[in-house]
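Sequence positions, counted from 1, serve as the residue numbers for this chain. None of the values given here were measured: they were computed from a predicted structure.
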Amino acid sequence: SGGPSPSLDASVESMMELVRCNNFALPTVASKKAAPIEISSDPNQSGLWLLPSYINHSCLPNVTKLVIRDHLFIRAARDLKAGDELRDCYVQPLQPLAARRAEFRKYGFSCSCERCKLDASLLKSA
């Protein structure tokens, strides 16, 4: 036998995609000389947590994340009412619309949150 089977390769590839889309990585400053400051995620300082991976995306998140050692804390970023859906921003929220859209493509979706709609309409009218 000459190595892993194609089905094992597909399983490993599928698992890597799952990890890529669901990991929580610590933000790091990519370049201290860049203007504006570029922030990226460090895949070497990331983890997987089951329940937080179900939090959906919005460019107007209502939660913040804090990683301390091997614990991930999710906290409300503003007052929430009973039944409000928790939403996190999967990308760097201060980036312009075009940069956010490029990042969304890596996750295989396009965002249609209120902020993206507003940014798109402002760009059309400019």
Side-chain angles (χ1 to χ4, degrees):
S1 76
S5 70
S7 63
L8 179 60
D9 286 344
S11 295
V12 169
E13 188 174 310
S14 179
M15 183 61 73
M16 293 303 292
E17 182 66 10
L18 184 78
V19 168
R20 185 186 69 75
C21 289
N22 290 289
N23 79 68
F24 292 88
L26 295 175
T28 58
V29 176
S31 171
K32 292 181 178 166
K33 295 180 181 177
I37 294 174
E38 290 182 43
I39 299 176
S40 65
S41 294
D42 184 349
N44 295 318
Q45 297 183 24
S46 64
L48 288 174
W49 288 270
L50 180 62
L51 292 178
S53 69
Y54 286 99
I55 297 174
N56 284 322
H57 166 81
S58 174
C59 293
L60 292 170
N62 60 10
V63 300
T64 60
K65 300 180 299 272
L66 176 64
V67 177
I68 299 177
R69 299 175 122 334
D70 62 347
H71 298 285
L72 173 65
F73 296 90
I74 305 289
R75 297 194 59 189
R78 58 178 178 256
D79 290 338
L80 300 173
K81 296 180 207 130
D84 282 352
E85 181 178 8
L86 302 181
R87 295 196 174 259
D88 186 24
C89 191
Y90 293 174
V91 300
Q92 295 303 321
L94 298 179
Q95 297 298 316
L97 179 62
R100 293 195 320 269
R101 284 183 171 165
E103 287 295 312
F104 298 142
R105 284 192 287 277
K106 295 178 187 176
Y107 286 99
F109 78 94
S110 61
C111 183
S112 59
C113 73
E114 292 302 315
R115 179 171 173 210
C116 285
K117 289 176 187 175
L118 176 64
D119 287 357
S121 69
L122 290 173
L123 287 171
K124 282 181 187 175
S125 66

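Taking each heavy atom of Ala76 and Leu80 in turn, the nearest pair found is CB-CD1, 3.8 Å. Considering every non-hydrogen atom in both Ala120 and Arg101, the closest pair reads CB-NH2, 3.8 Å.
Every salt bridge (Lys or Arg N to Asp or Glu O under 4.0 Å) that Asp119 has, sequence neighbours left out, goes to Arg100, Arg115. For Tyr107, the ring pair (Phe, Tyr, Trp, His ring centres under 6.0 Å) partners two or more places apart in sequence, or in a different chain, are Tyr90.
Residues Leu72 and Leu86 are members of one and the same hydrophobic cluster, defined by side-chain heavy-atom contacts under 4.5 angstrom among Ile, Leu, Val, Met, Phe, Trp and Tyr.
By the neighbour-count criterion of 12 heavy atoms within 6.0 Å, atom CZ of Arg78 is densely surrounded, having more than that number from other residues, nucleotides or ligands.
Atom CG of Leu123 sits about 6.0 Å away from atom CG of Leu97, to the nearest 0.5 Å. Taken from CD1 in Ile74 to OG1 in Thr64, the straight-line distance is 7.5 Å, to the nearest 0.5 Å. Once rounded to the nearest 0.5 Å, the distance linking CD of Glu103 with CZ of Phe109 reads 10.5 Å. With values rounded to the nearest 0.5 angstrom, Cys59 atom SG is found 12.0 Å from Lys117 atom NZ.
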Original post:
Where do Arg87 and Leu60 land on the side chain to side chain contact (heavy atoms under 4.5 Å, CB included) test, with the steps shown first?
Top reply: CA-CA 8 Å; Arg87 295 196 174 259; Leu60 292 170; over 6 Å; no
Side-chain donor/acceptor pairs under 3.5 Å, residues 48-56, sequence neighbours excluded:
residue	atom	partner	partner atom	Å
Trp49	NE1	Asp70	O	3.4
Ser53	OG	Leu50	O	2.6
Asn56	ND2	Glu85	OE2	2.6

